[in-house]
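The structure appears right after this line, and notes come after that.
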Amino acid sequence: MEESDEKLVAAAKDEAQKAQDGPALEKAKALFLGKKGPLTAEFSKIRDLPVSEKKAYGQRMNVLKDAIAQAFDQRQRELEGQQLARRLAKEKVDITLPAHGPIRGSAHPFYKIVDLLTRFFVGYGYTVKDGPEVESDYFNFECLNIPKDHPARDMQDSFFIGDGLLLRSHTSPVQARTMQDKNEKPPFKIICPGKVYRRDNDATHSHQFGQIEGLVVGKDVTLANLTKTLTDMFKYLFGPKAEVRFRPSFFPFTEPSIECDVSWDEGNGKPREWLEVLGAGMVNPNVFRLNGLDPDQWQGFAFGIGIERMAMLLYGIDDIHRFYQDDVPFLKQFSKE
Ligand code: FA5
C-alpha cells in the first residue's frame, strides 16, 4: 500500500475510533466513503490515466476502499459488543434471590368434618353411600312415612322444582334407597355424607348445608347401640371434655326419636351453650314396610348429623354463613391442622 493510502486508512481508523455510538460512526464513515469523500475524488482520477495504468489504479483504489470499510466495520462490531455488555449488566437477574413458595390451599372445614367422621364410621365397619341431591317426593317423604298432607312436611320447608322433584331436604332418602336396592341385603351399616337444602336462614341455619346420614339394620339393634355409637363419635371428635345430651324428639321415620345436643368446654372451665347437632332414632316399623323389609325380622337405628354444626363447635365458628363466603383469611386458618 502506498504511503498516502496508508495515511488515509490510518485517518479513517482514527475517526472510527473516536465515534462512541452508531450514528456518530455512520457520520464518520460517510466522510470517508460518501460521495463527497476523498475516495470518490481519488476514484475519479482513473478517467485521466492512460489505459495501461487504469487496471492497476482501479485495483489499488479497491484495496484502499476495502481497508477503510473494514476499519468502520470493526469499530461497529466493537460498539455493538459494548452495547450488549451494558445491556446484560443492566438486565442481570439475581438468581440467588429466594423464590416465592407455592401458595398452598387448605381443606375446607366442612370437608374436614366429612373426612374425620367418614374415617370414624368406616373404622366401625360402615360403608359410604351416595344419593342424588335432586330427589323425588317419593324418596324424600313418602318412603319415610311422611305421606302428602302429613303435618311433618312443614318441619322441613323444601325447595320444590316441579314434576314431583325437589332439592332433597335431608339425607334420609338414602335410607329408603338402601332398603329398596336390589343389590343390597340387610344387615346394613351405611353412612351417606351430602348436601341438603331448606328454606332456612340465620346464624346456625343455612339454605344449603350438609348432613351425614347413618343407617344400621340388623337382627338385634337397640337404642343403646345408637346412643353408644353417637357418644363414641362425639368423644372421638371433641375429646373427653365434650358433653352430650340426648332429648326425646319426633321424626315420622323413627320411633322412638331423639335429638342430640353438644356442649364443648373451651378450656376456661365455662361450657358453651348447647347446640343441636343431630337427629336420630330407631327405624320406624312403617319405614321397613314401605321399603320392602319385614319389621318383625329387622330392627335398626338411623341418624342425621349436621356437618356445619359439628364444624362450628369443633373450630369455634360463630356463623354458619362463613362456610359459603370463600373468605381466604378465614379458610387459611385450617391449613395447618
Ligand atoms: C333431619 O333432617 C332428619 N332427617 C335427621 C334424622 C335422620 C333423624 C335419621 C332420625 C333418623 P333435622 O331437621 O333435625 O333432622 O336436621 C338434622 C341436623 O341437621 C340438625 O340437628 C342440625 O344439626 C342440622 N340442620 C338442620 N337444619 C339446618 C340448617 N338450616 N342449617 C344447618 N344445619 C341444619
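Counting convention: from 1, in listed order, for ligands and their atoms alike. Please read all numbers here as calculations on a predicted model, not as lab measurements.
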| For atom 23 (O) of ligand 1, which protein heavy atom lies nearest, and how many Å away is it? | Val277 O, 3.1 Å
| task | Select the closest option to atom 1 (C) of ligand 1 among Arg198, Arg309, Glu259, Gln208, judged by heavy-atom distance. | result | Arg198
| query | So which heavy atom in the protein is nearest atom 33 (N) of ligand 1, and how far is it from that ligand atom? | reply | Phe209 CD1, 3.3 Å
| remark: Within 4.0 Å of some non-hydrogen atom of Glu276, the atoms of ligand 1 are 14 (O), 20 (C), 21 (O), 23 (O)
| task | Provide the number and element of each atom of ligand 1 under 4.0 Å from a heavy atom of Thr254. | result | 10 (C), 11 (C)
| note | For atom 31 (N) of ligand 1, the closest protein heavy atom turns out to be Ser206 N, 2.9 Å
| Can you tell me which residue and heavy atom of the protein come closest to atom 24 (C) of ligand 1, and the distance to 0.1 Å? | Gly306 CA, 3.7 Å
| field | Side-chain donor/acceptor of Glu308 to backbone N/O of Gly210, under 3.5 Å | value | yes
| Test applied, side-chain contact (heavy atoms from CB on, under 4.5 Å); reference residue, Asn284; option that passes from Asn145, Leu144, Thr254, Leu290 | Asn145
| query | Can any side-chain N or O of Tyr324 pair as donor or acceptor with the backbone N or O of Gln208 at less than 3.5 Å? | reply | yes
| said: Can you name the atoms of ligand 1, numbered from 1 with element, that are less than 4.0 Å from a heavy atom of Ile320? | reply: 31 (N), 32 (C)
| query | With a 4.0 Å cut-off on heavy atoms, is Glu213 touching ligand 1? | reply | yes
| message | Counting non-hydrogen protein atoms only, what is the nearest one to atom 3 (C) of ligand 1? Give residue, atom name and distance. | response | Phe253 CZ, 3.8 Å
| request: First locate atom OG of Ser257, then atom CZ of Phe246, and finally report the distance between them rounded to the nearest 0.5 Å. | output: 13.5 Å
| message | Test your reading of the model: is there a side-chain donor-acceptor pair from Arg168 to the backbone of Val196, 3.5 Å cut-off? | response | no
| said: Which residue is it: Asp327, Asp202, Asn201? I am looking for the one with a side chain to side chain donor-acceptor pair (under 3.5 Å) to His321. | reply: Asn201
| said: So, regarding His170 and ligand 1 (criterion: nitrogen or oxygen to nitrogen or oxygen, under 3.5 Å), is there a contact or not? | reply: yes
| Regarding Arg177 and the six-membered ring of Phe139, is the cationic atom NZ or CZ under 6.0 Å from the ring centre and inside 45° of its axis? | yes
| field | Sidechain-backbone polar pair: Glu213 side chain, Ser172 backbone, donor-acceptor under 3.5 Å | value | yes
| field | From Glu6, Glu53, Glu2, residue fulfilling salt bridge (Lys or Arg N to Asp or Glu O under 4.0 Å) relative to Arg60 | value | Glu2
| task | Measure from atom 4 (N) of ligand 1 to every heavy atom in Ser172, Ser169, Gly279, Gly304 and give the option owning the shortest one. | result | Ser172
| query | For ligand 1, is Ala280 a contact, meaning one of its heavy atoms is under 4.0 Å away? | reply | yes
| query | With a 4.0 Å heavy-atom cut-off (strictly under), which part of Gln175 contacts ligand 1: side chain, backbone, both or neither? | reply | side chain
| field | Test: Arg245 and Asp261 ion pair at under 4.0 Å | value | yes
| Protein contact to atom 30 (N) of ligand 1 [nearest heavy atom, distance to 0.1 Å] | Asp200 OD2, 2.8 Å
| message | Just to confirm my output: which protein heavy-atom neighbour is closest to atom 15 (O) of ligand 1, and how far is it? | response | Phe251 CE2, 3.4 Å
| field | Shortest protein heavy-atom distance from atom 16 (O) of ligand 1, along with the residue and atom involved | value | Gln211 NE2, 3.3 Å
| Would a hydrophobic clustering, with Ile, Leu, Val, Met, Phe, Trp and Tyr connected at side-chain separations under 4.5 Å, put Met233 with Tyr315? | yes
